[in-house]
Amino acid sequence: MKTEPSVFSLQDLKACPEQTAEWEGVRNYQARNFMRDGMKKGDAVLFYHSATKVPAIVGSAVVVREAYPDHSSWDPESKYFDAKSSPDNPRWVMVDLRYQQEFAEPLGLEELRKIPQLKEMMLLRRGMRLSIQPVTKREYEAVLRRAEVK
DNA sequence: GCCAACGTTGGC
DNA sequence: GCCAACGTTGGC
């Protein structure tokens, strides 16, 4: 899962009550579908910081609640408000995420590209802007192994 | 701050 | 339902 740390960082997640937060604001259908159909309770999540000096995977989190309607979508006060979404007919969903760990050092894109098992990783494909992307077990484990070495 | 690569919108 | 115009994302 991608996030701009200036908006919501891994440290922000860690600072939340019970280190858990609602993942509000996903407003892309493909990302929504991945979140709705692919994310199960207990699933591990790689946490990626984008639009920063060193874009990098910085740690991990875990899904503690599966997809349910994103209430910020019908909150006129929210910056994620969508007039076409309502409690009766919610268009967007969110999951709840709990902080798991912060890597000793962030794994930047350049470094990730050097890991052979990540050759096909969606994150590393050019033009990839999706904020929610499926990660294979093999990719996940390769990232964690690399993180532990550092 | 540039710009490539997407996604969305709306006229037709 | 096509597609040009526009908006956004995000690495560089």
Counterpart residues, side chain to side chain donor-acceptor pair (under 3.5 Å), relative to A:Asn28 (two or more places apart):
none
Just the atom pairs and distances: protein N or O near nucleotides 7-12 of chain C's N or O, under 3.5 Å.
{"residue": "C:dT8", "atom": "O2", "partner": "A:Arg129", "partner atom": "NH1", "Å": "2.7"}
{"residue": "C:dG10", "atom": "OP1", "partner": "A:Lys2", "partner atom": "NZ", "Å": "3.0"}
{"residue": "C:dG10", "atom": "OP1", "partner": "A:Arg129", "partner atom": "O", "Å": "2.9"}
{"residue": "C:dG11", "atom": "OP1", "partner": "A:Tyr48", "partner atom": "OH", "Å": "2.6"}
{"residue": "C:dG11", "atom": "OP2", "partner": "A:Ala51", "partner atom": "N", "Å": "3.1"}

What side-chain donor-acceptor pairs closer than 3.5 Å can you find for residues 127-139 of chain A, not counting sequence neighbours?
{"residue": "A:Gln133", "atom": "OE1", "partner": "A:Leu123", "partner atom": "N", "Å": "3.0"}
{"residue": "A:Gln133", "atom": "NE2", "partner": "A:Leu130", "partner atom": "O", "Å": "2.9"}
{"residue": "A:Thr136", "atom": "OG1", "partner": "A:Glu139", "partner atom": "N", "Å": "3.0"}
{"residue": "A:Thr136", "atom": "OG1", "partner": "A:Glu139", "partner atom": "OE1", "Å": "3.3"}
{"residue": "A:Lys137", "atom": "NZ", "partner": "A:Glu141", "partner atom": "OE2", "Å": "3.0"}
{"residue": "A:Glu139", "atom": "OE1", "partner": "A:Thr136", "partner atom": "N", "Å": "3.0"}

Which residue pairs satisfy the side chain to side chain donor-acceptor pair (under 3.5 Å) criterion with at least one member in residues 10-27 of chain A, sequence neighbours excluded?
A:Ser9-A:Gln11, A:Ser9-A:Asp12, A:Gln11-A:Glu102, A:Glu22-A:Tyr68, A:Glu22-A:His71, A:Arg27-A:Asp70, A:Arg27-A:Ser72
Cut-off 3.5 Å, no hydrogens considered: what does the side-chain donor-acceptor table look like for residues 32-40 of chain A, sequence neighbours left out?
{"residue": "A:Arg32", "atom": "NH1", "partner": "A:Arg91", "partner atom": "O", "Å": "2.9"}
{"residue": "A:Asn33", "atom": "OD1", "partner": "A:Arg36", "partner atom": "NH2", "Å": "3.1"}
{"residue": "A:Asn33", "atom": "ND2", "partner": "A:Tyr29", "partner atom": "O", "Å": "3.4"}

If you link I, L, V, M, F, W and Y whenever their side-chain heavy atoms are under 4.5 Å apart, who else ends up in the same group as A:Phe81?
none
